[in-house]
Amino acid sequence: MTSSTTLAAVRAVGITKRYGSGAVTVLALDNVTAALPAGQFTAIMGPSGSGKSTLLYCLAGLETVDSGTVYLGETDLSALSERELTRLRRSRVGFVFQSFNLLPALSADENLQLPLRIAGRRPDRDWTARVVDAVKLRDRLGHRPGELSGGEQQRLAVARALAGQPAVVFADEPTGNLDSRASADLLGLLRRCVDELGQTVVMVTHDPAAAEYADRVLFITDGRVVGEMVEPTAERVRGRVQQRALARERKDVVS
Amino acid sequence: MTGLSVRELRAHPRRAMLTGVAVIVGVALVSGTLVLGDTAVRAGVQDSDVDQLRRILLVAGGVALLVGAFIINTTMSAVLAQRTRELALLRCLGAEGRQLRRMVRAEALAVGVVASLVGLVLGIGVAAALRAYVNSALLSGADLRGSTLTVTPRTVAVALLVGSVVMVLSAQAPARRASRAAPLAAFRGLPATSSRPRRAVRMATGAVLAGAGVVAVPVAAITGSGPMLLPAAALTLAGVRLLGPWGATPLVRLAGLPVARVLRLPGALARANAMRSPDRTAATASALMVGLALVSFLTVLFTSTKAFLDAEVNRTPDITVQSGGTASTGKQAGGPVAADLLARLAALPELSAVVPTRSTLGTAAGTPAVMTGADLTDFAHVRGLDVTAGSLADVSRGGLWVADDVAADHGWTVGSRVPVNLGRGDRAFTLRAVYRHESYVSTTLPNYLIRSGDYTRLGGNAAVGAALLSVADGVAPATARAAVDRAVAGWPGITVENRAHVRSATVGQIDRTASLYLALTCLAILVGLVGIVNTMTLSVVDRVRELGLLHAAGMDRRQLGTMVRAEAFIIGCVGAVLGIGFGTLFAWGAAKVFEHSSAPTQFTVPVALLALVAAVAAAAGVVAAALPARSASRVDVLRALAAE
């Protein structure tokens with residue numbers, strides 16, 4: 001399915017995830033194998049209910065898999081205890097959410113430093129400065145999230161995800177709550193994170209325009225990886241998505 | 001992380017206030033007690049009334065803190081449920097469960113310390129109010145006028161310690177739950193329900209504890225072991241708390257039925273809402289329950305004591321004329337009731353009987369005994385005797401009546417032969433009747449009673465110590481009393497006492513004590529009402545979106561407010577029914593235990609009074625919901641619908 005397994009930041013090997021029990025079981029992931037290369041921006045796309053978010057949660061170690069294995073770098077996530085998973089989140093993973101999830105009581109700067117404070121780590125001044133410049137929030141650091149625009153809030157969230165120099169940044173529909181200008185801004189930022197800061201970004205989205213910013217797109221349908229596109233453009237992604245939708249409709253008509 | 005707790009608190013003052021109020025009231029009572037005590041000690045006042053006051057206060061403060069712990073627990077659980085997303089985010093950022101637990105505890109501690117300090121300041125106010133009360137004429141002896149209130153380092157330390165410990169302990173369970181927040185909840189807005197999974201173990205434990213507590217009450221009553229009631233109450237409380245989520249639903253369904261009928265849609269929604277988070281409803285209702293249980297316990301117990309006392313007062317003579325002092329005037333020396341005074345009294349048309357009694361210190365079976373001689377038939381007619389063995393019918397020569405405690409001391413039973421000596425040697429009497437010795441009003445009740453003829457023959461003192469009078473039929477007691485007063489006017493050292501007098505002296509004393517106890521325990525109810533304010537405030541916050549929807553769908557603002565008030569009313573009713581039920585049950589147990597004590601009671605349920613307590617509690621619940629109801633009715637539709 002995937003072309004490259006070398007230098008993978010995250011790897012899923014035959015993972016399966018079921019929700020519910022008995023007759024109401026939903027197969028969210030069906031034997032998924034995928035490798036997300038380090039230093040690249042990967043988008044995971046699929047219609048709602050396709051399992052794309054579940055895949056993200058499993059890759060990030062937030063959900064346990066029923067079978068198969070997830071490797072973050074060399075680490076087998078299924079072998080980790082709850083505490084070790086927490087430590088892993090703390091040091092090697094960053095998250096960006098659809099709904100920003102900033103703490104309104106803290107200033108922008110404090111929100112940014114929060115992961116480091118939780119980990120009890122000393123902030124790396126150079127790195128922090130680079131991150132703050134990348135997200136263009138230098139003059140907004142003293143403000144509360146409530147005083148920032150939606151775009152600024154999400155950029156701050158990205159900065160928070162980068163603060164600990166994680167191995168992978170996972171973003172779940174990061175542009176879902178942004179207008180088109182702020183969306184483009186944010187996606188450009190994620191792009192720069194990869195190009196200029198050497199980060200690895202994995203993003204779930206349903207927006208072909210967002211996928212265009214990625215190096216690769218994984219297409220998921222019904223819990224399975226059904227395709228991959230390298231150096232995507234919005235046009236090609238849209239075409240692919242429509243094609244799949246048509247194919248699906250035909251299948252539905254036939255059956 | 002600790003810094004984060006402080007920032008969080010500063011950003012959410014209302015949240016901190018909701019959790020802290022309960023501690024403030026409890027600490028205010030406890031520290032007020034300590035300040036008053038230290039002030040009294042410093043002023044050199046040692047007074048049993050002040051001591052009693054301090055004891056009551058300490059109990060009231062303790063109960064207020066207990067109720068407070070319930071409320072803190074519920075409020076924190078609800079607040080943390082609302083913060084699920086935030087906690088989940090912290091987990092995503094790598095916070096360990098342990099760190100979240102520490103953060104919640106640190107928040108609790110910070111609130112506890114601040115609330116304790118506020119409570120301490122209020123406590124000084126409480127002490128000032130109490131000093132005024134002590135100085136008022138109500139209490140005898142003590143005088144703290146001019147004394148400055150003394151706040152010792154010990155008071156400050158105790159206040160801080162008590163408040164913080166209660167706060168942190170109450171935060172344990174919520175903190176544990178917070179630490180289990182799933183990181184995934186940060187991604188999707190999970191419903192912020194505070195209801196926990198229903199666990200069979202919890203239910204079974206609750207049933208066993210509550211069952212043991214309730215069963216212990218009749219056991220304590222039968223065996224007369226009063227101290228057993230305390231652990232029984234603790235067990236019942238713990239059991240009810242555990243059973244709460246299961247018990248709340250049927251109780252709310254029942255209590256909500258009439259509400260839904262009368263208020264229609266808002267009432268029906270209120271009923272459904274109260275059943276939606278049964279754990280929170282149960283915890284709020286049980287916090288109110290504790291205060292109400294205490295108040296109804298005391299109400300029933302005092303009523304029972306008064307009922308018993310009333311029966312005793314009713315057995316006293318209509319009017320007593322006696323040498324020296326009486327129960328209400330204090331002991332003083334005086335001459336005997338002279339023969340011509342007796343003649344004058346006998347001549348009064350307002351009286352139907354005048355029964356002179358004479359007493360002499362002699363011996364019975366070799367031990368000192370005050371022997372009283374009177375016309376037995378007349379005596380039994382004028383003064384009621386509660387006969388426990390034998391009969392008053394036989395008043396022939398050689399008969400002896402004694403009080404039950406005397407009979408028990410000597411091991412006498414009806415028919416026993418008792419040697420009596422009034423100075424002319426032993427003479428054997430037959431025990432014919434045993435009557436209950438009076439516990440509260442014993443002044444006119446002798447320990448030993450024999451016929452006048454036998455008394456004289458034995459050489460008893462001829463002076464009449466007291467005359468028991470009976471008011472003639474159709475004559476008002478006050479008229480008879482006035483006539484007797486006029487007749488006695490010429491004889492110094494003679495006191496007159498009528499039944500109304502005795503009643504006010506004894507029942508009045510109990511009423512004063514009762515009102516003090518009840519006033520202080522009402523504070524526990526006050527803390528319970530704080531719980532209603534908290535719960536309703538939190539549910540309004542929880543349901544902003546829903547309220548907006550209802551408003552958009554055509555419910556007017558008045559109806560929204562009514563819905564919130566109705567929910568508070570239903571919770572108040574559940575708390576009142578449980579509280580009054582358990583309070584009465586334990587009061588029954590205590591009354592039965594006290595039946596065999598020196599302060600006996602006659603179990604009586606003041607139905608009207610308890611109904612009043614219930615009505616006031618439910619109404620207070622509605623009043624407590626006023627603010628949350630207002631914010632519910634002011635909900636902004638657009639913002640509510642936009643809220644996540």
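Throughout, protein chains are lettered first and strands after them, A, B, ... in sequence-line order, and every chain is numbered starting at 1. Just so it is clear, the model here is predicted, and its values are computed rather than measured.
In this structure, A:Leu103 and B:Leu89 have side chains that are in contact, with non-hydrogen atoms separated by less than 4.5 Å. Put simply, the side chain of B:Cys92 reaches to within 4.5 Å of the side chain of A:Phe97, judged on heavy atoms.
Other residues, nucleotides and ligands contribute more than 12 heavy atoms inside 6.0 Å of the CZ atom of A:Arg144. With a 6.0 Å radius and a threshold of 12 heavy atoms from other residues, nucleotides or ligands, A:Arg224 has its CZ atom at or below the threshold. Remark: B:Arg557 CZ is packed, more than 12 non-hydrogen atoms of other residues, nucleotides or ligands lying under 6.0 Å away. The 12-atom threshold is not exceeded at NE2 of A:His206, counting heavy atoms of other residues, nucleotides or ligands nearer than 6.0 Å.
Both the backbone and the side chain of B:Arg91 come within contact range of chain A, judged by heavy atoms closer than 4.5 Å. For A:Glu110, the part lying near chain B is the side chain, with the backbone staying farther off; criterion is any non-hydrogen pair under 4.5 Å.
The CD1 atom of A:Ile118 sits 5.0 Å away from the CG atom of B:Leu93 when rounded to the nearest 0.5 Å.
Listed by chain and number, the residues in a side chain to side chain donor-acceptor pair (under 3.5 Å) with A:Gln199 amount to none (sequence neighbours excluded). The salt bridge (Lys or Arg N to Asp or Glu O under 4.0 Å) search around B:Arg101 returns none, not counting sequence neighbours.
Of residues 68-96 of chain A, those residues lying under 4.5 Å from chain B by any heavy-atom pair are A:Glu82, A:Arg83, A:Thr86, A:Arg87, A:Arg89, A:Arg90, A:Phe95. Using a 4.5 Å heavy-atom cut-off against chain B, the contacting residues of residues 146-168 of chain A are A:Arg160.
Using modelled atom types, no side-chain atom of A:Asn101 and backbone atom of B:Phe187 make a donor-acceptor pair closer than 3.5 Å.
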